[in-house]
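Note: hydrogens, waters and symmetry copies are ignored here, and every other heavy atom, side chains too, is used.
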Amino acid sequence: MKDKPSIEKWMAEAKSHESAAKCGMYLLHNGTVRVTPRAKVREGSLSDKEVKSLVFFYNEEKLNEIIDDGYKLEGIYYIRAWLNEGELEAGEDIMYVLIGGDIRPRVITALDYIVGRIKNECVVEKEIYV
């Protein structure tokens, strides 16, 4: 498990970054390990088993590529991401993704796009059940 960054520090850094004057909105995604299995919430599985922990790893090169692509989105001027790794217990943080941009619709779209790509292209997750 990696040390978590300070969100307050991240926000202070974002607001003092050279792009801050262009940003009218910042959104933060904080993914955490849940006890409900992915198959139950995503696919409607009827299983009653609970998640004890999540084994989580990511490809840093791919993460950087996704962030670079995020800057190509219209109105997006600030992106920062932190991903944990190792065996994480229920309730622990998996990732933080902070997006800054000009207007709300673009920032919401960018957050969805970037987090979606991270989850689909960059990470390996294995749920461990109770």
Side-chain angles (χ1 to χ4, degrees):
M1 179 176 6
K2 293 167 51 176
D3 290 336
K4 292 190 303 185
S6 162
I7 297 307
E8 290 81 15
K9 184 176 177 186
W10 270 25
M11 287 304 303
E13 290 169 356
K15 290 179 178 183
S16 66
H17 187 265
E18 63 187 27
S19 67
K22 298 178 187 177
C23 293
M25 180 177 195
Y26 294 93
L27 278 179
L28 175 74
H29 168 80
N30 176 204
T32 60
V33 179
R34 65 178 176 275
V35 297
T36 309
R38 180 183 183 110
K40 188 168 191 167
V41 296
R42 299 266 183 184
E43 302 156 15
S45 169
L46 300 177
S47 173
D48 287 334
K49 61 185 174 182
E50 288 192 343
V51 173
K52 175 186 147 234
S53 61
L54 178 74
V55 178
F56 184 86
F57 295 96
Y58 70 99
N59 177 319
E60 189 167 353
E61 186 176 309
K62 186 65 177 176
L63 175 63
N64 291 331
E65 178 185 313
I66 293 166
I67 291 169
D68 288 345
D69 287 349
Y71 280 111
K72 295 173 186 170
L73 299 172
E74 187 174 5
I76 301 306
Y77 303 107
Y78 191 85
I79 304 170
R80 188 154 184 190
W82 169 86
L83 278 65
N84 210 342
E85 54 189 355
E87 187 169 350
L88 310 173
E89 303 295 319
E92 288 189 286
D93 293 315
I94 299 170
M95 75 174 74
Y96 294 142
V97 178
L98 177 63
I99 309 289
D102 56 2
I103 59 174
R104 180 180 42 85
R106 291 179 180 163
V107 178
I108 290 170
T109 298
L111 184 70
D112 186 47
Y113 171 79
I114 291 167
V115 171
R117 284 198 58 200
I118 290 170
K119 295 285 287 176
N120 292 321
E121 301 174 28
C122 180
V123 304
V124 175
E125 301 174 293
K126 181 176 193 266
E127 294 176 332
I128 309 297
Y129 305 103
V130 177

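- Side-chain atoms of Glu92 come within 3.5 Å of backbone N or O of Glu89 as a donor-acceptor pair.
- Counting side-chain heavy-atom gaps under 4.5 Å among Ile, Leu, Val, Met, Phe, Trp and Tyr, Val124 is found in no cluster with other residues.
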key: Worked check of side chain to side chain contact (heavy atoms under 4.5 Å, CB included) between Arg34 and Val51   = CA-CA 7 Å; Arg34 65 178 176 275; Val51 173; 6.0 Å; no
Under 3.5 Å, sequence neighbours excluded: what are the donor-acceptor pairs made by side chains of residues 100-107?
| residue | atom | partner | partner atom | Å |
| --- | --- | --- | --- | --- |
| Asp102 | OD2 | Arg106 | NH1 | 2.5 |
| Arg106 | NH2 | Glu74 | OE2 | 3.0 |

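- The side chain to side chain donor-acceptor pair (under 3.5 Å) contacts involving residues 50-60 comprise Lys2-Tyr58, Ser53-Glu87, where partners must be two or more places apart or lie in separate chains.
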task = Apply side chain to side chain contact (heavy atoms under 4.5 Å, CB included) to the pair Met1 and Glu85, showing each step before the final yes or no.
result = CA-CA 5 Å; Met1 179 176 6; Glu85 54 189 355; over 6 Å; no
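- The minimum heavy-atom distance linking Leu63 with Ala81 is given by the pair CD1-CB, 4.2 Å.
- Val115 and Tyr77 fall into different hydrophobic clusters, defined by Ile, Leu, Val, Met, Phe, Trp and Tyr side-chain heavy atoms under 4.5 Å apart, directly or through other members.
- Clustering of Ile, Leu, Val, Met, Phe, Trp and Tyr by side-chain heavy atoms under 4.5 Å joins Ile128 with Val55, Phe57.
- By the neighbour-count criterion of 12 heavy atoms within 6.0 Å, atom CG of Asn120 is densely surrounded, having more than that number from other residues, nucleotides or ligands.
- Atoms CD1 and CD1, from Ile76 and Ile67 in turn, are 13.0 Å apart once rounded to the nearest 0.5 Å.
- The main-chain N or O of Ile79 is found under 3.5 Å from a side-chain atom of Tyr71 such that the two form a donor-acceptor pair.
- Under the 4.5 Å side-chain criterion, counting only non-hydrogen atoms from C-beta, Leu88 is in contact with Ile94.
- One finds the CD1 atom of Ile114 at 12.0 Å from the SG atom of Cys122 (value rounded to the nearest 0.5 Å).
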key: Derivation and outcome, side chain to side chain contact (heavy atoms under 4.5 Å, CB included), residues Lys49 and Lys40   = CA-CA 9 Å; Lys49 61 185 174 182; Lys40 188 168 191 167; over 6 Å; no
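- Crowding of Asp68 atom CG: a count of heavy atoms from other residues, nucleotides or ligands under 6.0 Å exceeding 12.
- Counting side-chain heavy-atom gaps under 4.5 Å among Ile, Leu, Val, Met, Phe, Trp and Tyr, the cluster of Tyr78 also holds Ile7, Trp10, Met11, Tyr26, Leu28, Trp82, Tyr96, Leu98.
- Shortest non-hydrogen contact noted between Val123 and Lys119 is CG2-O, 3.5 Å.
- For Lys15, the NZ atom counts as loosely surrounded, since its 6.0 Å shell holds 12 or fewer non-hydrogen atoms of other residues, nucleotides or ligands.
- Residue pairs meeting the salt bridge (Lys or Arg N to Asp or Glu O under 4.0 Å) criterion with at least one partner in residues 19-32, sequence neighbours excluded, do not occur; the list is empty.
- Proximity of a side-chain donor or acceptor of Asn84 to a complementary backbone N or O of Asp93 within less than 3.5 Å is detected.
- Cluster membership check: Leu54 does not share its hydrophobic cluster with Val35, using side-chain heavy-atom separations under 4.5 Å among Ile, Leu, Val, Met, Phe, Trp and Tyr.
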